[in-house]
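Working notes for the structure below.
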Amino acid sequence: MNEADIKHYEQIQEMLMTDGWKNIEKEISDLVEAIGSIEAVKNSDELFYKKGQLNIANLILNLPHTVDSTLDVLKEESQDD
C-alpha cells in the first residue's frame with residue numbers, strides 16, 4: 001500500500017493518544033449511557049433516531065481499534081510489495 005496512507009493512519013493514531021481525544025471519548029461514552037435507555041421512547045421514529053445516535057457514537061468510540069487494524073493491514077501489504 002501507499003506510504004501516504006500509512007502516514008495518514010499513523011497521524012490519526014497520534015491524535016488518539018492526546019488528552020483532547022480522551023475527553024471526547026469520555027463525553028461520547030456519557031452520551032451513549034444517556035441514550036442507551038429506551039424506556040422513555042415514545043414511537044418507532046424516536047427509537048430509530050436513538051439507534052442512529054448510538055451507531056455514530058460507537059463508530060467514533062471504535063476508531064482507535066479501526067485505525068490500529070487498518071494500519072496493521074497497510075503495513076503488512078507494504079512489506080509484501
Between Asp68 and Gln13, which heavy-atom pair has the shortest distance, and what is it? OD1-NE2, 2.6 Å
Indicate the atoms forming the closest heavy-atom contact of Ala57 with Val32, along with that distance. CB-CG2, 3.4 Å
Same cluster or not: are Ile24 and Met15 linked, directly or through other Ile, Leu, Val, Met, Phe, Trp or Tyr residues, by side-chain heavy atoms under 4.5 angstrom apart? yes
Where Thr70 and Tyr9 come nearest, the two heavy atoms and their spacing: CG2-CZ, 3.6 Å
Closest approach of Ile6 to Ser78 (non-hydrogen atoms, all atoms of both residues): CD1-OG, 3.8 Å
Here the side-chain hydrogen bond (donor to acceptor under 3.5 Å, both in side chains) pairs for residues 23-33, sequence neighbours left out, are Trp21-Glu25, Lys26-Asp30
Point-to-point distance, once rounded to the nearest 0.5 Å, from CG of Leu63 to CD1 of Ile60: 8.5 Å
Side-chain donor-acceptor pairs under 3.5 Å in residues 39-49, sequence neighbours left out?
{"unit_1": "Glu39", "atom_1": "OE1", "unit_2": "Ser37", "atom_2": "OG", "d": "2.4"}
{"unit_1": "Asn43", "atom_1": "OD1", "unit_2": "Asp45", "atom_2": "N", "d": "3.1"}
{"unit_1": "Asn43", "atom_1": "OD1", "unit_2": "Glu46", "atom_2": "N", "d": "2.8"}

May I ask whether Leu59 and Ile28 are part of the same hydrophobic cluster, defined by side-chain heavy atoms of I, L, V, M, F, W, Y residues being less than 4.5 angstrom apart, directly or through others? no
Non-hydrogen atoms of Ile35 and Gln53 that approach each other most closely: CD1-CB, 3.6 Å
